[in-house]
Novice: 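Please read through the structure below; I'll follow up with questions.
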Protein chains: 2
Amino acid sequence: MHDPTERVSIRDIAKAAETSVSTVSRALNDHPDVSPETRERIMRIAEAYGYERNMFAHGLISGRSGLISVIMPNIDYDYQLQFLRGMAHAAERFDQELLLTVKETASDTIDACRSLYRRGISDGAIVFQPPVEGAAALRELQAAGFPMVAFHPPFPMPGLTSVEPMDHEGAMMAVRHLLALGHQRIGIIVEDTQRTAGQERLRGYEDALREAGVSLDPALVIVVPPNQPHASGRAGIQQWLAAGTDFSAVFCFNDLVAYGAIQELAAHDRRVPEDVSVVGFDDIPASLHYGRAGLTTVKQPITQIGELALETLLHLCDGGTTPGQRIQVPVELVVRGTSSAARQPRIWDDSVVRPEPPTASEPLEPL
Amino acid sequence: MHDPTERVSIRDIAKAAETSVSTVSRALNDHPDVSPETRERIMRIAEAYGYERNMFAHGLISGRSGLISVIMPNIDYDYQLQFLRGMAHAAERFDQELLLTVKETASDTIDACRSLYRRGISDGAIVFQPPVEGAAALRELQAAGFPMVAFHPPFPMPGLTSVEPMDHEGAMMAVRHLLALGHQRIGIIVEDTQRTAGQERLRGYEDALREAGVSLDPALVIVVPPNQPHASGRAGIQQWLAAGTDFSAVFCFNDLVAYGAIQELAAHDRRVPEDVSVVGFDDIPASLHYGRAGLTTVKQPITQIGELALETLLHLCDGGTTPGQRIQVPVELVVRGTSSAARQPRIWDDSVVRPEPPTASEPLEPL
DNA sequence: CTGTTAGCGCGTTCAG
DNA sequence: CTGAACGCGCTAACAG
């Protein structure tokens, strides 16, 4: 027996097993050239001593640390915790440790990746929503031998493996759902159309309306700046109400935007879903219990996505895949309490002049 | 100049500076015995090459990795993200990397700590809500030379440095607030009174009532099992309503419990705060925008606590402190929309038989 | 099958 | 002030 709390080296067990360190090393690493008895004896002793190999020594020679990095810009959306959870699970399954780095600016993000690589600290990295300006640098790093997976990149980055949700599909599901409930005047509050997420969700919104033969009204599209979801939701509703825009349903960029929108609607005595239906995106945990009966939203399997990202990265690290593939993850509509049938057929449906027939609409500029 | 993406070793820059590796090492580490010119030249070149020292080599010799671990049981409460955020900030300030480990069971948690130490991976660990069963093992590890900080331990663990919020104070603030609003029948839904958190919050509740000369009614105390806050909140309210217990205010173990309670109240057409005032604990980000005007709650400065925990740990690592101190972090009442003045003086205040005078009350057994 | 030896990249002795 | 040599813990290549 041995103090399970003491550090123990390969030498200690060599001494105890009365053999040389190299034999021990071979036994421990399943090399062929060890006699069954010696191996058995060594393994027993190693077990008893609770041997665990030193990371530095192993890393120095193997060139791998067993550490995987996640790099996130800011860290404030519950979504990220779910993502981390998935990664942590996968990491455990593969006996990897998880390194968390938070960098706010684009250049800091790039620097962090580079540094992690150059110091030999991590074997690869998952870059969470990589900055627009970082595309070239990331590709270079990848090429230089540092495996990376971009989660939800701002745009397709050739040469960089990426994992992303099906934004377009999700948006279509949301809007089709609202259409099926009889809504015609459906608004969208969408973040930052410079990035795929915003672009694709907006496109999905438009395509669903077009598909249903519902006219696109630019007044129903509100583009908001990123990173202030709650305020954006409120602002979007305010803008419509102030302009007297007619709407009976809103598709929101994400769940937090939806919360903001609902709160603003409440402040103006519009009831959800009786007066206005609201659909979010992401399905963060809070949405399950949101309000009386939960938020209707497009669910991303966030935790699984985290696992998938990590698995994909490990695969890359092992040279099992060539970089550059783009993995799209299906999303799913979850109907809960914030959406319901449109109250009544709109009067202008039959009597008043209808808006222009379906046509492409330019999104508004960011606020 | 040099490819900023290439790995560069101390040898490379020795060659470029036309000197030996040891001189370079000395220059880089601010040792005295280097001539100003040589140092200058070396620094310039290192800068140009973007030299960063190899973690393995450095760790092997220095015995330190520059990695700090956080170990969390599960990972699902938004609170944890805020905590991580604080740690990430502090880690960056001190040029440390952050390792995230999630272990569900007590023995896995202990094993993880031990392994992290014995493999040399991390210089120390912050153990988030350490398991009850782990106390002895953690103390041993600490004694063996692995610095640890326990965040919110289940009970005071002598010999282990800990950081924890002022549970008792916070509970008193919450209940005093409700008392000041004129509430007399104040319930508490508290998690798991085996751990300090539950114990102290319950004690604070009792002390505040006692202080105000309000009788303690065991029927107003509901103890719920841990890890299902939302359901617990609902269950608590249900229990009171089913039993016909009179109450006009509820102090909840945390914000999620409060959400559950409010939802259940709504389901029974009790309005918050008009019919029932509700106060939470923690102040997670969602509470700011909760409902119409936010959740009244006891705010833990979570992010700062994360920073503090990390700083405390680093201090320990540097031998600046002896293990064992217990750091209590002040909390603060945040009054928002879910608490308001009691509707009317309770009739029985003057006419009906009052419950027993103030006396210690046994908490109920967990559900 | 086994033990000895070199070296991974760096910091730290030592002589010079 | 500088450079060469050693060793951190481990593995791979080479002798035996």
Side-chain angles (χ1 to χ4, degrees), chain A residues 6-43 45-46 49-67 95 115-123 145, chain B residues 6-43 45-46 49-67 95 115-123 145:
Chain A
E6 215 58 43
R7 276 185 175 166
V8 60
S9 89
I10 207 179
R11 269 214 264 276
D12 298 322
I13 90 143
K15 209 164 296 173
E18 293 173 318
T19 177
S20 73
V21 291
S22 54
T23 304
V24 174
S25 174
R26 274 191 296 258
L28 257 27
N29 295 309
D30 287 325
H31 277 256
D33 293 347
V34 181
S35 79
E37 313 89 59
T38 342
R39 156 167 288 130
E40 164 65 20
R41 180 162 35 95
I42 289 175
M43 296 311 265
I45 296 181
Y49 278 49
Y51 170 80
E52 304 191 60
R53 73 177 168 213
N54 180 286
M55 179 209 207
F56 302 128
H58 181 76
L60 208 46
I61 153 124
S62 74
R64 292 186 58 163
S65 64
L67 306 184
D95 280 313
S115 172
L116 254 10
Y117 166 59
R118 299 180 45 161
R119 286 187 288 166
I121 293 185
S122 67
D123 297 341
Chain B
E6 214 59 44
R7 278 185 175 165
V8 64
S9 92
I10 207 180
R11 268 215 263 278
D12 297 323
I13 89 145
K15 208 164 296 170
E18 292 173 317
T19 178
S20 72
V21 290
S22 53
T23 304
V24 172
S25 174
R26 275 191 295 259
L28 257 28
N29 295 308
D30 287 326
H31 277 259
D33 292 346
V34 181
S35 78
E37 311 89 60
T38 339
R39 158 165 288 130
E40 163 66 19
R41 180 160 36 96
I42 289 175
M43 296 311 265
I45 295 182
Y49 277 50
Y51 168 80
E52 304 191 60
R53 70 178 169 211
N54 180 289
M55 178 205 208
F56 302 129
H58 181 75
L60 207 45
I61 157 123
S62 74
R64 292 186 55 162
S65 65
L67 307 184
D95 280 311
S115 173
L116 253 9
Y117 166 60
R118 299 178 47 157
R119 286 187 288 166
I121 293 185
S122 65
D123 296 340

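Each chain gets a letter, A, B and so on, in the order its sequence line appears, and its residues count up from 1.
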Novice: Taking the side chain as C-beta and beyond, is there a heavy-atom pair between B:Ile10 and B:Arg53 under 4.5 Å?
Specialist: no

Novice: Could you state the atom-to-atom distance from CG of B:Leu60 to C1' of D:dG9 in whole Å?
Specialist: 6 Å

Novice: Rounded to whole Å, how long is the line connecting atom CZ of A:Arg41 with atom P of C:dT2?
Specialist: 8 Å

Novice: So, does B:Thr38 get its side chain near the phosphate of D:dT2, meaning an N or O under 4.0 Å from OP1 or OP2?
Specialist: yes

Novice: Check every strand shown and say whether B:Ser35 touches a base, only sugar-phosphate, or nothing at a heavy-atom separation below 4.0 Å.
Specialist: sugar-phosphate

Novice: Quick one: B:His31 NE2 to C:dT13 C1', roughly how many Å, whole number?
Specialist: 11 Å

Novice: Atom CG of B:Asp30 and atom P of D:dC1: how far apart are they, to the nearest Å?
Specialist: 15 Å

Novice: Distance check needed: C:dT2 C1' versus A:Glu18 CD, whole Å only.
Specialist: 15 Å

Novice: Once you apply a heavy-atom cut-off of 4.0 Å, does A:Thr19 come out as touching a base, just sugar-phosphate, or nothing?
Specialist: sugar-phosphate

Novice: Measure from CG on B:Leu28 to C1' on C:dG11 and round the result to the nearest Å.
Specialist: 11 Å

Novice: Under 4.0 Å between a side-chain N/O of B:Asn54 and OP1 or OP2 of C:dC10, yes or no?
Specialist: no

Novice: Reckon A:Tyr51 has a side-chain N or O less than 4.0 Å from the OP1 or OP2 of D:dG9?
Specialist: no

Novice: Do B:Val24 and B:Tyr51 have side chains that get closer than 4.5 Å, going by heavy atoms?
Specialist: no

Novice: Mind checking B:Arg26 for me? I need base, sugar-phosphate or nothing, with any heavy atom below 4.0 Å counting as a touch.
Specialist: base

Novice: Restricting to non-hydrogen atoms, name the atom on A:Ile42 and the atom on A:Ala17 that form the minimum distance, rounded to 0.1 Å.
Specialist: CG1-CB, 4.1 Å

Novice: Mapping A:Ser62 and B:Pro32 to their closest nucleotides on DNA chain D, which lands nearer the 5' end?
Specialist: B:Pro32

Novice: Flag the pair B:Asn54 / A:Leu60 as yes when at least one side-chain heavy-atom distance between them is below 4.5 Å, and no otherwise.
Specialist: yes

Novice: Classify A:Ser9 by what it touches in the nucleic acid, base, sugar-phosphate, or nothing, heavy-atom distance under 4.0 Å.
Specialist: sugar-phosphate

Novice: Rounded to the Å, how far apart are A:Ile42 CD1 and D:dC10 P?
Specialist: 14 Å

Novice: Need to verify one output field. Residue with the more 5' nearest nucleotide on DNA chain C, A:Thr23 or B:His58?
Specialist: A:Thr23

Novice: With respect to the side chain of A:Ile61, which nucleotide from C:dG3, D:dG9, C:dG9 is positioned closest?
Specialist: D:dG9

Novice: Tell me whether the side-chain N/O atoms of A:Arg119 come closer than 4.0 Å to OP1 or OP2 in C:dG9.
Specialist: no

Novice: Between the base of D:dA4 and the side chain of B:Ser20, is there any donor-acceptor pair under 3.5 Å?
Specialist: no

Novice: Flag the pair B:Tyr117 / A:Arg7 as yes when at least one side-chain heavy-atom distance between them is below 4.5 Å, and no otherwise.
Specialist: yes

Novice: Can you tell me the distance, in whole Å, between the CZ atom of A:Phe56 and the C1' atom of C:dG11?
Specialist: 14 Å

